[in-house]
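See structure below.
The first residue of the sequence shown is numbered 1, and numbering continues consecutively from there.
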Amino acid sequence: MNQLGMRTGTFALRGELHRPTTLSVADLRRGWPRHRAEVTFDCATNGPQHHVFEGPLLRDVVADARPAFDARRRKDRSRFLLAVHGGDGHHTVLSWAELDADFGDVPVLLATSLDGADLDRAGSQLVVPSDRCGARYISAITQVWVGACAVPGEVLPAAG
C-alpha cells in the first residue's frame, strides 16, 4: 500500500475534474498511446543520468479525466496547475499551459517503463524531457491533483 492507502503502483487523479479516478501502471499502458523519451538530466546526488522512458502523455491522461475548465478558452486552461506527488515524499507542480499544444506543448510522460523494465510494482514516474535537471522526475507517483490557480481574494467564475 502507498501513503494514500492504495495498492502499490497506483495513483489517484483528483482535483477539479469531472471524472476523478485511480489508475495503475497497467491502466496507463492500455488506456493511451505510448510515447518514448530518451533523456539525459543532472541528478544532484548521482550526477548525469541517461534513461529511456515509455508511457502516455500526462496531458492525455488528465484530459480524459475532464478538467473543470472550458477547453475552448485558452485563458481558462492557462490558469490550471497540476501537483504531482511521489511515494518518497517528493512533489512538483506543472502548469497546464506547459503541457497544452497551444502553449508549451511539452511531452511530459507518465512513464510505465524505465530502460525497458516495467514499472508496475514501483509505480509510474513523471518524466519532463525538456528539464536539464532531474528535480521534476517524480518516482512512484501516488497522486496527481489538478486545479485552478486563484489569486488570493479573487473570485473565479464557475466552470461549466
Side-chain angles (χ1 to χ4, degrees), residues 2-4 6 9-42 51 53-114 119 123-160:
N2 65 26
Q3 66 188 23
L4 297 176
M6 297 183 310
T10 64
F11 67 90
L13 183 53
R14 301 284 185 262
E16 294 178 43
L17 301 167
H18 294 289
R19 292 190 336 215
T21 189
T22 299
L23 296 167
S24 68
V25 172
D27 294 332
L28 294 174
R29 193 175 294 111
R30 66 179 166 259
W32 295 270
R34 189 177 253 197
H35 296 263
R36 179 182 171 97
E38 295 183 34
V39 300
T40 299
F41 58 88
D42 290 326
H51 295 290
F53 293 95
E54 291 186 356
L57 295 174
L58 174 61
R59 72 173 164 239
D60 291 346
V61 174
V62 173
D64 280 355
R66 296 187 43 229
F69 54 62
D70 184 342
R72 299 166 298 184
R73 295 181 57 218
R74 290 180 181 142
K75 288 185 180 180
D76 197 28
R77 294 188 326 250
S78 71
R79 66 188 178 88
F80 270 67
L81 301 174
L82 298 91
V84 181
H85 300 267
D88 62 358
H90 285 92
H91 57 274
T92 195
V93 175
L94 301 117
S95 70
W96 181 261
E98 283 180 87
L99 311 177
D100 193 303
D102 284 339
F103 297 98
D105 200 22
V106 177
V108 176
L109 299 181
L110 289 171
T112 59
S113 71
L114 164 61
L119 294 173
S124 183
Q125 181 166 338
L126 185 73
V127 177
V128 187
S130 59
D131 282 6
R132 193 178 60 82
C133 82
R136 294 198 299 177
Y137 281 65
I138 305 297
S139 300
I141 296 171
T142 58
Q143 180 171 290
V144 175
W145 175 89
V146 179
C149 177
V151 175
E154 178 183 23
V155 177
L156 296 174

Q. What distance separates His35 NE2 from Leu109 CG, expressed to the nearest 0.5 Å?
A. 7.5 Å

(Q) Looking at every heavy atom in both Arg66 and Arg19, which two are closest together, and how far apart are they? (A) CD-NH1, 4.0 Å

Q. Side chains of Leu58 and Leu94: does their closest heavy-atom pair fall under 4.5 Å?
A. yes

**Q.** Spatial distance of atom OG1 (Thr112) from atom CH2 (Trp32) [nearest 0.5 Å]
**A.** 11.5 Å

Q.
So His90 and Tyr137, do their side chains get closer than 4.5 Å, heavy atoms only?
A. no

Q) Does a side-chain N-to-carboxylate-O contact under 4.0 Å join Arg132 and Asp42? A) yes

Q: Kindly indicate, with the supporting measurements, whether the criterion side chain to side chain donor-acceptor pair (under 3.5 Å) is fulfilled by Arg77 and Ser95.
A: CA-CA 9 Å; Arg77 294 188 326 250; Ser95 70; over 6 Å; no

Q) Can you say whether the rings of Trp96 and Phe69 are parallel (under 30°), tilted (30 to 60°) or perpendicular (over 60°)? A) tilted

Q. Roughly how far, to the nearest 0.5 Å, is CG of Leu119 from CG of Leu110?
A. 11.0 Å

Q. Would one find more than 12 heavy atoms of other residues, nucleotides or ligands at under 6.0 Å from atom NE2 of His91?
A. no

Q | Min side-chain heavy-atom separation Leu23-Val144 under 4.5 Å | A | no

Q) Which heavy-atom pair separates Ala68 from His18 by the least distance, and what is that distance? A) CA-NE2, 3.8 Å

Q. Could you give the distance from NE2 (His85) to CZ (Phe11), rounded to the nearest 0.5 Å?
A. 12.5 Å

Q | Least distance between heavy atoms, Pro67 atom then Val62 atom | A | CD-O, 3.4 Å

**Q.** Distance in Å, Asp105 CG paired with Glu98 CD, rounded so as to fall on 0.5 Å steps
**A.** 11.5 Å

Q: For Ala65 and Leu17, work out which heavy atoms get closest and say how close.
A: O-CB, 3.6 Å

Q) Is it true that a side-chain atom of Asp100 and a backbone atom of Ala97 form a donor plus acceptor pair closer than 3.5 Å? A) no

Q) Nearest heavy-atom pair of Asp27 and Thr22: which atoms, and what distance? A) OD2-O, 4.0 Å

Q | Smallest separation among heavy atoms of Ser78 and Phe103, with atom names | A | CB-CZ, 3.9 Å

Q) Atom CD1 in Ile141, atom CD in Gln125: separation rounded to 0.5 Å? A) 7.5 Å

**Q.** Backbone N/O of Arg14 and side chain of Gln143: donor-acceptor pair under 3.5 Å
**A.** no

